[in-house]
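These numbers come from a predicted model, not from an experiment. All values below were derived from every heavy atom in this structure, side-chain atoms included, with hydrogens, water molecules and symmetry-related copies excluded.
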Amino acid sequence: MEQIFGFKKEDLASWHSLVTLLNRPTDPASLGIFRCLFGLLMAIDVTQERGLSHLDYKYLDGAPVCRFPLFNFLKPLPLDWMYFVYVVMFLGALGIMLGCFYRLSCLMFISTYWYLTLMDGNRYWSIDGLRRPSIRNTHVPLWNYTVLRIQIFIVYFIAGIKKLDADWVEGYSMSYLAHHWLFDPFKLILPVELVSLLVVHGGGLILDLTAGYLLFFDATRPYAFFFVSYFHCMNSQLFSIGMFSYTMLATSPIFCYPDWPRRFFGRFPAFLRVVLPLTSPDPQPSPSCVYNEIQSTGTKRQETPPVAKTSKLRLKHKLGAIFTIIYLLEQFFLPYSHFITQGYNNWTNGLYGYSWDMMVHSRSHQHVKITYKDGKTGEIGYLNPGVFTQSRRWKDHGDMLKQYATCLSQFLPRYNITDPEIYFDIWVSINERFQQRIFDPRVDIVRADWSPFQPNPWLMPLLVDLSPWRAKFQEIEGSLDNQTEIVFIADFPGLHLENFVSEDLGNTSIHVLQGNVNVEIVEEKKNHTLQPGEQIKVPAGAYHKVYTVSEGPSCYMYIYVNTTEAHLIKNLDPFISNLLKMCGAEVNATDPIVRLFLKRQRRMKEVKKRREAGVLERLERFAVKKYYTIRRGFLMTAIAMRNLAVGLPPVEQLTREVAFANMKEPQAEANQDERLKDEVGHGEL
């Protein structure tokens, strides 16, 4: 047991022996390297994911903006003071990286990674070690490593447990990923469907379930390093998840022997060792550890050299053991604590950030309508979805929807809307199911009840009984040509869908799959009752309503042809032979639709050129983009700190300073890509 796990069975026999084990002296080298990497990544994260580079856009000082804090009483400070908050956060991350005033730096960064405060991460390769020789290169208690190793094990293993969900196992959760270029090597030997099922879903499930175990054992650790590194590098390209992938990469060496940095850096030339971490093999004794009378190296798994020292268990040793046990129990409990915070549960369990069910669910939104009603006059109107907010997550979370409705009810009186009632009609498909309502559109969310500890009463149930239809969806979609699109809808008895068919979609029909519906053509004032297997064509450029009149849910599908696109192809027939040449130069086409098409083709060609660029060109583009992002963050921070110190300058000077900070704004390329995605994906729907 000692050879495999690093401790004996007797070490768990009593509280005294357990405390002694958790406070066993351990080499600080690996912990010091992790501290440095973690601090570096968090310092970068402040400018990236936390938003320092676009803080003025994020907080929109003085503008009416709806926000979604965990506690409603939390309000953002004035913009210049928000920059100060971010400076404190950045300095905290920088202090962690350098090991400089380590405890203070951790306290400055305490809001997200509070448990690091209690660790002795500044015992190796730190400025604190230079300031205080008494702590330089001293042992750290074993529980410092235990907490981190089990924390990372939980991240992998619980994520694997959550992937045992039927949607993931059957390949519906992330099927779109198989079309990404990262999976092209697998598509050389497997069809896309099998790449999705076996590589994306099967590979992700197996890796998460086994990574924690494989990292722990000596024999399997090299293989684990390869697979988890490949996995996280892919994730960094597939998803916009900030520093998470890189932080997980930085945690992998924690599973190695704690003295691995000494052996690694000991191989470097002697003239470099002045700036490299210590390679001395003997850490100093530390009062934070418990030493046995004879500390022998024992087996291969033993992590410390012999030390002739005796020490008694002190209160700090017991508190370290208690903290370790409580913290780890909490981390195992939180992913399954949703029976307590029931108000945050929707179709999937929240609080999402404590679940580790990452990427288990994918969503698409077909239709979002916000209706307000003046409480005094009864006037009804509509709001643009997302008005007064920069967030999009409110469409899937009941707690955020309640916050959004409350915020809107406070802003609308400025526009002569008194005591407003607000209703949301949100259609969502989760894991390739039917598009269906997630919240009851008949409920005024402003006055609706919501509690963090009670189930949400206005949440509509997910129609899981209709899940087997997904296999049929694939058959139907496979039978369509490239110009024909399809949308699958499911609705509840007593409700109806009001829809407008764009004039671009000149050949649109409704086909009933299950249940009975009544289709009302609004302008014609005609009703048509349809049963399963029947269909009706609906006019373009007009409204219609689809009522579910059966006792159970109804299912139907829209099939439509983009007649504008068909017209494009017809008008382009004379140009097809030299289309590529025309896309590279100005074209004197008289048809405005043709001109629009050619303009889009040129943009697509530019994007394709960027995506097919070589490695060096990609690295250069990445470096330039990051440089201007970080540059803007620091320049805007300097402006804010100056404003706090000496006051605001004249408006003309402030305008010039902000313009200089905005030089070659890096967001432009990303926004262009998003606009192109909208065009290619038929944004008119």
Side-chain angles (χ1 to χ4, degrees), residues 33 36-54 97 176-189 192 195 199-200 203 222 225-253 264-265 267-269 272 275-276 580-581 583-585 599-635 660-677 679-680:
I33 297 299
C36 184
L37 293 175
F38 176 82
L40 172 64
L41 292 172
M42 292 304 102
I44 297 173
D45 186 67
V46 170
T47 66
Q48 302 288 306
E49 193 74 7
R50 300 309 120 214
L52 177 64
S53 61
H54 55 277
M97 181 186 75
Y176 68 91
L177 289 182
H179 298 278
H180 196 279
W181 64 267
L182 283 172
F183 295 95
D184 286 351
F186 300 101
K187 285 181 277 189
L188 295 176
I189 56 176
V192 173
V195 170
V199 180
V200 176
F225 270 22
F226 172 79
F227 286 110
V228 300
S229 299
Y230 185 71
F231 175 72
H232 292 305
C233 289
M234 290 184 70
N235 283 346
S236 70
Q237 299 300 309
L238 291 171
F239 308 109
S240 299
I241 49 180
M243 291 291 111
F244 178 76
S245 298
Y246 307 106
T247 304
M248 292 300 293
L249 285 171
T251 63
S252 297
F264 176 75
F265 291 110
R267 298 177 180 178
F268 282 71
L272 292 177
V275 295
L276 293 177
L580 293 177
K581 183 184 298 183
C583 287
K599 180 180 178 180
R600 190 177 71 174
Q601 288 298 106
R602 283 192 292 268
R603 291 176 58 192
M604 291 178 64
K605 184 178 180 180
E606 293 172 2
V607 173
K608 182 180 179 181
K609 181 180 178 181
R610 289 202 306 272
R611 291 174 177 171
E612 294 178 350
V615 176
L616 292 179
E617 186 178 345
R618 285 173 177 266
L619 287 175
E620 180 185 4
R621 190 167 64 237
F622 175 82
V624 170
K625 180 179 179 180
K626 294 303 178 185
Y627 165 75
Y628 282 103
T629 299
I630 297 173
R631 172 185 179 275
R632 185 182 193 278
F634 284 120
L635 288 176
F660 179 71
N662 285 335
M663 185 176 64
K664 197 175 180 179
E665 184 175 350
Q667 298 293 333
E669 284 189 1
N671 292 339
Q672 182 176 346
D673 282 350
E674 290 301 319
R675 289 195 300 269
L676 183 60
K677 290 177 183 177
E679 287 187 14
V680 175

Quick one: closest heavy-atom pair of [X] and [Y], and the distance?
X	Y	value
Ile241	Ser245	CD1-OG, 3.4 Å
Lys187	His180	NZ-O, 3.6 Å
Thr47	Thr629	O-CG2, 4.2 Å

Taking C-beta and beyond as the side chain, do [X] and [Y] meet within less than 4.5 Å on heavy atoms?
X	Y	result
Leu41	Asp45	no
Met243	Met42	yes
Lys626	Gln48	yes
Leu249	Ser229	yes
Ser252	Val228	yes

Distance under 6.0 Å and angle within 45° of ring axis: Arg632 vs Tyr627
no

Would you list the atom pairs, donor with acceptor, under 3.5 Å between side chains in residues 231-240 and any protein atom, with sequence neighbours excluded?
residue, atom, partner, partner atom, Å
His232, NE2, Tyr156, OH, 2.8
Ser236, OG, Cys233, O, 2.6

Nearest 0.5 Å please: distance from the CD1 atom of Ile630 over to the CD1 atom of Ile44.
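One finds 6.5 Å between CD1 of Ile630 and CD1 of Ile44.
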
When you measure from the side chain of Lys625 to the backbone of Glu620, do you find a donor-acceptor pair of N or O atoms at a distance under 3.5 Å?
no

Please verify the inter-ring angle class for Phe268 with Phe264; under 30° counts as parallel, over 60° as perpendicular, anything in between as tilted.
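If you compare the ring of Phe268 with that of Phe264, the planes turn out perpendicular.
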
Counting only heavy atoms from other residues, nucleotides and ligands, does the tally under 6.0 Å from CZ of Phe244 exceed 12?
yes

